[in-house]
Every structure is written in structure tokens, then in C-alpha cells.
Amino acid sequence: QVQLVESGGGLVQAGGSLRLSCAASGRTFRNYAMGWFRQAPGKEREFVAAISWSGAGTVFADSVKGRFTISRDNAKNTMYLQMNSLKPEDTAIYYCAAGPNMAAVTSIRVDYWGQGTQVTVSS
């Protein structure tokens, strides 16, 4: 029932910033914890960040801690990933997802996926 659409990906120089958005549709959007994941060519999809349904709790992967910020605006049915101090190793397709709680999302036990948006960081 929940549909997610990512946007905001593109090309950026190392050290630069980019803001990804995930627009959600569905009457139960507020009931879900949400998160961001990424997948580089030839690699497994990995967890990036998660946010609780209220926005009060957040979790980040060690690789992005201190550089990325996750937020959500339930009134706008939108989740964001602010990416600062980008590195070439951040290059990947970024996906947003929704799950029943934070534990589920951080362990990639999610119920809904977006289609992804490409982020490329050049050196």
C-alpha cells in the first residue's frame, strides 16, 4: 500500500553535499519507521540510516556517522537524507524503505522499497 519515490541524486565533487528526498504515499505513512540504504555495483545493499516514525530516534551506519543526517516531515509525507563531506566511496544507488520499527529497518527487514536514485561522487 505504501509507495516510496526517491529523488535528489546526481553528480557531486568529493567534499560536497547532496540532499535526497523520499516521497511517500499512503494513509499509514506515519506508522512506519524509515531508512536509507545504498548499493554500489558488485556489492550487497547496505544500511545507511534509519529514523523512527515520530522522527525522535535516528541510527547511522559507522561509515556515514557525522557526515549524514536523516530527517522526516510527516506533514509532507517526505523523508530526507542530507549528505555532507561526500566521498567517492559514497557512490551508489540510494534507496529509501519503510518498516514496522527501528529494529526491523536497521536489520533491513523492511516492507516497502523505493526505486532508487543514483549518487555519484567524483574525486
Side-chain angles (χ1 to χ4, degrees):
Q1 184 176 1
V2 175
Q3 295 182 337
L4 307 172
V5 180
E6 303 92 339
S7 62
L11 301 174
V12 65
Q13 297 288 321
S17 298
L18 202 61
R19 191 190 199 199
L20 305 183
S21 298
C22 175
S25 62
R27 292 187 295 273
T28 61
F29 173 75
R30 188 184 175 91
N31 295 331
Y32 290 89
M34 300 185 71
W36 289 95
F37 303 81
R38 66 188 183 187
Q39 186 168 22
K43 295 187 176 182
E44 297 294 321
R45 189 170 300 185
E46 65 175 337
F47 167 77
V48 175
I51 187 166
S52 64
W53 72 269
S54 69
T58 59
V59 177
F60 297 91
D62 289 341
S63 59
V64 306
K65 201 169 297 182
R67 299 189 297 120
F68 291 9
T69 300
I70 189 171
S71 62
R72 67 190 293 170
D73 186 339
N74 289 340
K76 296 180 179 179
N77 291 336
T78 304
M79 177 180 65
Y80 306 95
L81 184 68
Q82 179 65 49
M83 310 164 69
N84 299 324
S85 302
L86 283 163
K87 306 173 181 179
E89 62 204 69
D90 295 318
T91 295
I93 299 176
Y94 283 71
Y95 301 88
C96 66
N101 52 60
M102 290 284 280
V105 172
T106 57
S107 62
I108 324 184
R109 299 197 303 274
V110 298
D111 297 325
Y112 304 97
W113 289 98
Q115 296 300 307
T117 185
Q118 177 70 49
V119 172
T120 302
V121 184
S122 63
S123 58

Original post:
Hey, what else clusters with L11 if you join Ile, Leu, Val, Met, Phe, Trp, Tyr whenever side-chain heavy atoms sit under 4.5 Å?
Top reply: none
**OP:** With sequence neighbours excluded, give me every ring pair (Phe, Tyr, Trp, His ring centres under 6.0 Å) pair touching residues 99-123.
**Re:** Y32-Y112, F37-W113
Contacts table for residues 13-20: side-chain donor-acceptor under 3.5 angstrom, sequence neighbours left out:
{"residue": "Q13", "atom": "OE1", "partner": "S122", "partner atom": "OG", "Å": "3.4"}
{"residue": "Q13", "atom": "NE2", "partner": "S122", "partner atom": "OG", "Å": "3.2"}
{"residue": "S17", "atom": "OG", "partner": "N84", "partner atom": "OD1", "Å": "2.9"}

Original post:
What pairs with E46 under side-chain hydrogen bond (donor to acceptor under 3.5 Å, both in side chains), at least two apart in sequence or on another chain?
Top reply: R38
Original post:
Once you round to the nearest 0.5 Å, how far does CD of E6 lie from CD of Q118?
Top reply: 12.0 Å
Original post:
Can you list the residues that meet the side-chain contact (heavy atoms from CB on, under 4.5 Å) rule with T58, with sequence neighbours excluded?
Top reply: I51, F60, I70
**OP:** Report yes if the side chains of V12 and M83 come closer than 4.5 Å at any heavy-atom pair, otherwise no.
**Re:** no
Original post:
To the nearest 0.5 Å, what is the distance between CD (Q115) and CG (L4)?
Top reply: 9.5 Å
Original post:
How does the hydrophobic cluster around Y80 look, that is, which other residues are in it when side-chain heavy atoms under 4.5 Å mark a link?
Top reply: none
Original post:
With sequence neighbours left out, what residues match Y94 under ring pair (Phe, Tyr, Trp, His ring centres under 6.0 Å)?
Top reply: none
Original post:
Any salt bridge (Lys or Arg N to Asp or Glu O under 4.0 Å) pairs touching residues 49-62, not counting sequence neighbours?
Top reply: D62-K65
Original post:
Say you draw a straight line from OG of S21 to CZ of R72; how long is it, rounded to the nearest 0.5 Å?
Top reply: 13.5 Å
Original post:
Is there a chain of hydrophobic side chains (I, L, V, M, F, W, Y, each step under 4.5 Å between heavy atoms) that links F68 to F47?
Top reply: no
Identify every side-chain donor-acceptor pair in residues 95-109 under 3.5 Å, counting partners at least two apart or on other chains, and give the distances.
{"residue": "N101", "atom": "OD1", "partner": "A103", "partner atom": "N", "Å": "3.2"}
{"residue": "N101", "atom": "OD1", "partner": "A104", "partner atom": "N", "Å": "2.8"}
{"residue": "T106", "atom": "OG1", "partner": "M102", "partner atom": "O", "Å": "3.1"}
{"residue": "T106", "atom": "OG1", "partner": "A103", "partner atom": "O", "Å": "3.1"}
{"residue": "S107", "atom": "OG", "partner": "A103", "partner atom": "O", "Å": "2.9"}
{"residue": "S107", "atom": "OG", "partner": "A104", "partner atom": "O", "Å": "3.2"}
{"residue": "S107", "atom": "OG", "partner": "R109", "partner atom": "NH1", "Å": "2.6"}

Original post:
What distance separates M34 CE from L81 CG, expressed to the nearest 0.5 Å?
Top reply: 11.5 Å
**OP:** Starting at OG1 of T120, measure out to CD1 of I93 and round the result to the nearest 0.5 Å.
**Re:** 9.0 Å
